[in-house]
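Right, one structure below, let's go through it.
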Amino acid sequence: EGGESSLLLYYGLPASMVAAAVLIALGVADRLRDQREALTDAERRAQSDALTGVLNRRSMLERLDSACLRARARGLPIALLFIDLDHFKQINDSYGHPAGDACLKAIIPPIQSELRQSDLIGRYGGEEFVVILSSADAAAAQPIAERIRQRVAEISVPGFGAPIHVTCSIGIATSDTLGVWGEHLIARADEAVYAAKRSGRNCVQIAAPTPA
């Protein structure tokens, strides 16, 4: 009774009304939290590639710009990997598009297993993926790319007759060696991918500085 009196004096309201107000406030807070979580889920879906769950092209390009701004402000390098699944058209033609989709989904966990929390992966288009390695120079990026290449080569995708074995070609472009940023890194890494394809696929190629 003394407790209720003190509540009455403190709030100017009976304890039962105070309790009701608290419950209403908690209910509102729960609804607001649910709305925030729903918004977060909607935002995540809007930023993600529907098939693979990684960042879509638009979101990846936005994150790349932000990462480059941060890196330049801090005087740090940034590395970009352009990953292209080898013989993808042949997989689709031989096994069907569902098999191609299964291969695209299958390569994501092996790639992510070699990335840090600060690194990002996005689907650039078709069978092409871009990885952003924060604070990484050429010396750090090459072994990461090589481990990703090896992990992808170990994949076996079942469910479409004989298991499908996939490989990838990887191009590397880094700000410390090239002096370029943003989509210029993508362009240089894309060139390196074509060099890797010409070298026989299932390999890693680093974009070299353009001769002056």
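Quick caveat: nothing in here was measured; it's all calculated off a predicted structure.
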Practice task
Please check if atom CD in Q150 has more than 12 non-hydrogen atoms from other residues, nucleotides or ligands closer than 6.0 Å.
Solution key: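 Counting neighbours around CD of Q150, more than 12 heavy atoms of other residues, nucleotides or ligands fall under 6.0 Å, so yes.
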
Problem - Heavy-atom neighbours of Q142 CD exceed 12 at 6.0 Å - result: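 At most 12 heavy atoms, drawn from other residues, nucleotides or ligands, come within 6.0 Å of this atom.
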
Looking only at non-hydrogen atoms, find the nearest pair between [X] and [Y] and report the distance.
| X | Y | value |
| --- | --- | --- |
| S134 | S118 | OG-OG, 2.9 Å |
| C68 | G182 | SG-N, 3.3 Å |
| Q205 | A192 | CB-O, 3.3 Å |
| S175 | P77 | OG-CA, 3.3 Å |
| T174 | I172 | CG2-CG2, 3.8 Å |
| A46 | R58 | O-NH2, 3.5 Å |

Practice task
In plain terms, say whether D93 and K89 are close enough for a salt bridge, that is, a side-chain N and a carboxylate O under 4.0 Å apart.
Solution key: yes

Practice task
Flag the pair K197 and D86 as a salt bridge only when some basic side-chain nitrogen lies within less than 4.0 angstrom of an acidic carboxylate oxygen.
Solution key: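 Salt bridge: yes.
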
Problem - Partner set under salt bridge (Lys or Arg N to Asp or Glu O under 4.0 Å) for E114, not counting sequence neighbours - result: R147, R151

Exercise for the section: Quick one: which residue pairs count as a side-chain hydrogen bond (donor to acceptor under 3.5 Å, both in side chains) with a foot in residues 67-77, not counting sequence neighbours? Expected result: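 Not a single pair qualifies under side-chain hydrogen bond (donor to acceptor under 3.5 Å, both in side chains).
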
Exercise for the section: Answer with yes or no whether the side chains of R63 and Q47 bring together a donor and an acceptor at under 3.5 Å. Expected result: yes

Exercise for the section: Consider only side-chain heavy atoms of I, L, V, M, F, W and Y, link residues closer than 4.5 Å, and tell whether I170 and Y194 are in one cluster. Expected result: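 No, separate clusters.
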
Can you find a heavy atom in the side chain of [X] that is under 4.5 Å from one in the side chain of [Y]?
| X | Y | answer |
| --- | --- | --- |
| R188 | H184 | no |
| D84 | E127 | yes |
| L69 | D65 | no |
| L51 | K105 | yes |
| I107 | F129 | yes |

Fill in the blank from the handout: The remaining residues in the hydrophobic cluster of I132, counting side-chain heavy-atom contacts under 4.5 Å among Ile, Leu, Val, Met, Phe, Trp and Tyr, are L55, M60, L61, L64, I78, L80, F82, L120, Y124, V130, L178, V180, W181, L185, I186, V193

So how far is it from [X] [atom1] to [Y] [atom2], rounded to the nearest 0.5 Å?
| X | Y | atom1 | atom2 | answer |
| --- | --- | --- | --- | --- |
| Q90 | Y95 | CD | OH | 8.5 Å |
| N202 | H87 | CG | NE2 | 9.0 Å |
| C103 | H97 | SG | NE2 | 12.5 Å |
| L115 | I144 | CG | CD1 | 7.5 Å |
| S113 | I148 | OG | CD1 | 7.5 Å |
| L76 | S135 | CG | OG | 4.5 Å |

Practice task
Apply side chain to side chain donor-acceptor pair (under 3.5 Å) to R123 and N56, showing your working.
Solution key: CA-CA 5 Å; R123 187 178 179 192; N56 59 31; over 6 Å; no

Problem - Heavy-atom donor-acceptor pair, S66 side chain to E62 backbone, under 3.5 Å - result: yes

Exercise for the section: Evaluate the criterion side chain to side chain contact (heavy atoms under 4.5 Å, CB included) for residue pair I83 and V131; output intermediate values, then yes/no. Expected result: CA-CA 8 Å; I83 303 172; V131 168; 3.8 Å; yes

